[in-house]
Amino acid sequence: MAKLPKNPVENWEIPAVEALRATPDTRVADIQTKGTPGFVGDKALGERLLEERGARLSALQELLYANGRSGDTRSVLLVLQGMDTAGKGGMLRHVIGHVDPQGVDHASFGVPTAEEKRHDYLWRIRKALPRKGQLGVFDRSHYEDVLVVRVHNLVPPDVWEPRYEEINTFERELVESGTTIVKVAMFVSLDEQKARLAERLERPDKYWKFNPGDITERGFWPEYQKAYQAMLDRTSTEHAPWHVVPCDRKWYSRLAVTELLIDALENLDLDWPPADFDIEVEKARLAES
Ligand code: AMP
Ligand code: MG
């Protein structure tokens, strides 16, 4: 087994945030979904680092929460977007699972309900934004409205086309109001998806995850690739860049997203909020009580 280094970040020859950031040259069709960009190490090391870095993530999230309780209005929002079986659920369990649930504002977005359909597509998104001091997690997001909606012509092009710019504006306002957005596009190969769907059909503990529609969607793979390409090309902005995460190796994708969140939280430069009471007075009162 590889030795656990003192500073796990040394196992990244390029920090995750740099190795994964989408660029104008990113081609969805060329993504090496088995790749481990930036990371030097094997699965055993990756899994051990996930525990260690998960503890760091947890400590940083507690700082965010503590500051939120003391008046800081900032928050962090993780946006997970990916095809079925990419591992969005696993991110929740194995990455977000490291932090105190009371500091997490989680939302997942499926086919819009009757009520949601009566509103603008951003309505349900705005309602689910993280409160101050919270770590928000979106399992799917407003990007479905330029992905599945575009692929299946659920609305005409003149309706989905302007959404890219609307989303950029929406996210800019969100960032300006103090929310750091960490956008993660998760990619599995068509073969890996097939293997994961096969597992859902083999194992009774996985039947619940299986949806016959997921097989239908495989027939639209090229259209989805095109829609994901447009999403990266048009909504990877300075204020809210996309990160392209290869997901065929779950240990890698989970570690990578942990690093992205750690980076976002470290950039907030948080410290423990100072006491808003006189410590000595309170110690004396406690002693006398
Ligand atoms: P799951 O994440 O497996 O529970 O599946 C949720 C399903 O809801 C996926 O098939 C999504 O494509 C679909 N979905 C999410 N948002 C939308 C939307 N705005 N319009 C249509 N379908 C959506
Ligand atoms: Mg599903």
Side-chain angles (χ1 to χ4, degrees), residues 22 24 26-29 31 77-89 91-92 105-130 136-177 179 181-188 190 193 197 209-245 247:
T26 304
R27 286 290 153 264
V28 168
I31 294 168
L77 173 61
L78 173 66
V79 174
L80 297 173
Q81 208 42 78
M83 299 293 288
D84 263 292
T85 76
K88 299 185 291 294
M91 281 307 170
L92 260 304
D105 281 341
H106 166 260
S108 58
F109 299 97
V111 178
T113 62
E115 191 191 16
E116 287 169 351
K117 278 189 186 134
R118 283 198 292 274
H119 295 87
D120 175 65
Y121 68 102
L122 290 174
W123 180 75
R124 62 177 183 169
I125 305 296
R126 292 184 201 278
K127 279 207 312 177
L129 290 171
V137 184
F138 281 1
D139 174 349
R140 303 185 190 269
S141 65
H142 40 299
Y143 286 100
E144 290 290 328
D145 292 280
V146 288
L147 292 168
V148 65
V149 167
R150 171 176 168 158
V151 167
H152 291 291
N153 302 306
L154 300 180
V155 298
D158 66 320
V159 176
W160 57 253
E161 181 65 35
R163 288 182 175 169
Y164 298 99
E165 270 318 303
E166 287 165 18
I167 287 172
N168 288 341
T169 304
F170 167 69
E171 290 183 352
R172 175 181 290 283
E173 287 167 3
L174 199 54
V175 170
E176 283 168 358
S177 75
T179 299
I181 310 176
V182 180
K183 297 196 296 199
V184 172
M186 302 170 64
F187 292 94
V188 279
L190 196 55
Q193 189 192 54
L197 288 174
K209 290 191 193 180
F210 185 78
N211 172 0
D214 297 346
I215 297 179
T216 317
E217 291 309 282
R218 287 171 60 74
F220 292 90
W221 199 262
E223 287 83 358
Y224 272 107
Q225 290 215 313
K226 203 172 152 201
Y228 271 92
Q229 185 71 53
M231 177 189 87
L232 296 179
D233 290 343
R234 301 183 61 180
T235 64
S236 201
T237 56
E238 194 111 334
H239 56 274
W242 276 105
H243 300 91
V244 172
V245 178
C247 288

Is there a donor-acceptor pair closer than 3.5 Å between any side-chain N or O of Gln225 and the backbone N or O of Ala29? no
Between [atom1] of [X] and [atom2] of [Y], what distance do you get to the nearest 0.5 Å?
X: Asn211; Y: Leu197; atom1: CG; atom2: CG; answer: 9.5 Å
X: Leu174; Y: Ile125; atom1: CG; atom2: CD1; answer: 11.0 Å
X: Cys247; Y: Lys88; atom1: SG; atom2: NZ; answer: 9.5 Å
X: Thr113; Y: Arg118; atom1: OG1; atom2: CZ; answer: 8.0 Å
X: Ile181; Y: Trp242; atom1: CD1; atom2: CH2; answer: 10.0 Å
X: Leu147; Y: Arg163; atom1: CG; atom2: CZ; answer: 11.0 Å

Stepwise, does the side-chain contact (heavy atoms from CB on, under 4.5 Å) test hold for His106 with Leu92? CA-CA 9 Å; His106 166 260; Leu92 260 304; 3.6 Å; yes
Do Leu129 and Phe138 pass the side-chain contact (heavy atoms from CB on, under 4.5 Å) test, and can you show the C-alpha distance, the side-chain angles, and the key distance before you say yes or no? CA-CA 9 Å; Leu129 290 171; Phe138 281 1; 4.0 Å; yes
Which of Tyr121, Tyr164, Phe170 passes ring-ring contact (aromatic ring centres under 6.0 Å, His included) with His142? Answer is Phe170
4.5 Å side-chain heavy-atom contact, Lys183 and Thr235: yes
Does the side chain of Tyr224 reach to within under 4.5 Å of the side chain of Met83, using non-hydrogen atoms? yes
Work out which heavy atom in [X] is nearest to a heavy atom in [Y]; give both atom names and the distance.
X: Glu116; Y: Val111; result: OE1-O, 4.4 Å
X: Thr26; Y: Asp233; result: O-OD1, 4.5 Å
X: Ala227; Y: Arg150; result: CB-CD, 4.2 Å
X: Asp105; Y: Pro130; result: OD2-CA, 3.5 Å
X: Met186; Y: Ala86; result: CE-O, 3.4 Å
X: Asp145; Y: Trp160; result: O-CB, 4.0 Å

Run Arg140 and Asp84 through salt bridge (charged side-chain N to carboxylate O under 4.0 Å, His left out) and show every step you take. CA-CA 10 Å; Arg140 303 185 190 269; Asp84 263 292; 3.3 Å; yes
Kindly determine whether Gln81 and Tyr228 satisfy side-chain contact (heavy atoms from CB on, under 4.5 Å), including the steps that lead there. CA-CA 10 Å; Gln81 208 42 78; Tyr228 271 92; 4.0 Å; yes
I would like to know whether Arg234 and Glu161 meet side-chain contact (heavy atoms from CB on, under 4.5 Å); could you show each step before the answer? CA-CA 11 Å; Arg234 301 183 61 180; Glu161 181 65 35; 2.7 Å; yes
More than 12 non-hydrogen atoms from neighbouring residues, nucleotides or ligands closer than 6.0 Å to CZ on Arg172, yes or no? no
Glu176 atom CD, over 12 foreign heavy atoms within 6.0 Å: yes
Do His152 and Glu217 have side-chain atoms, one donor and one acceptor, less than 3.5 Å apart? yes
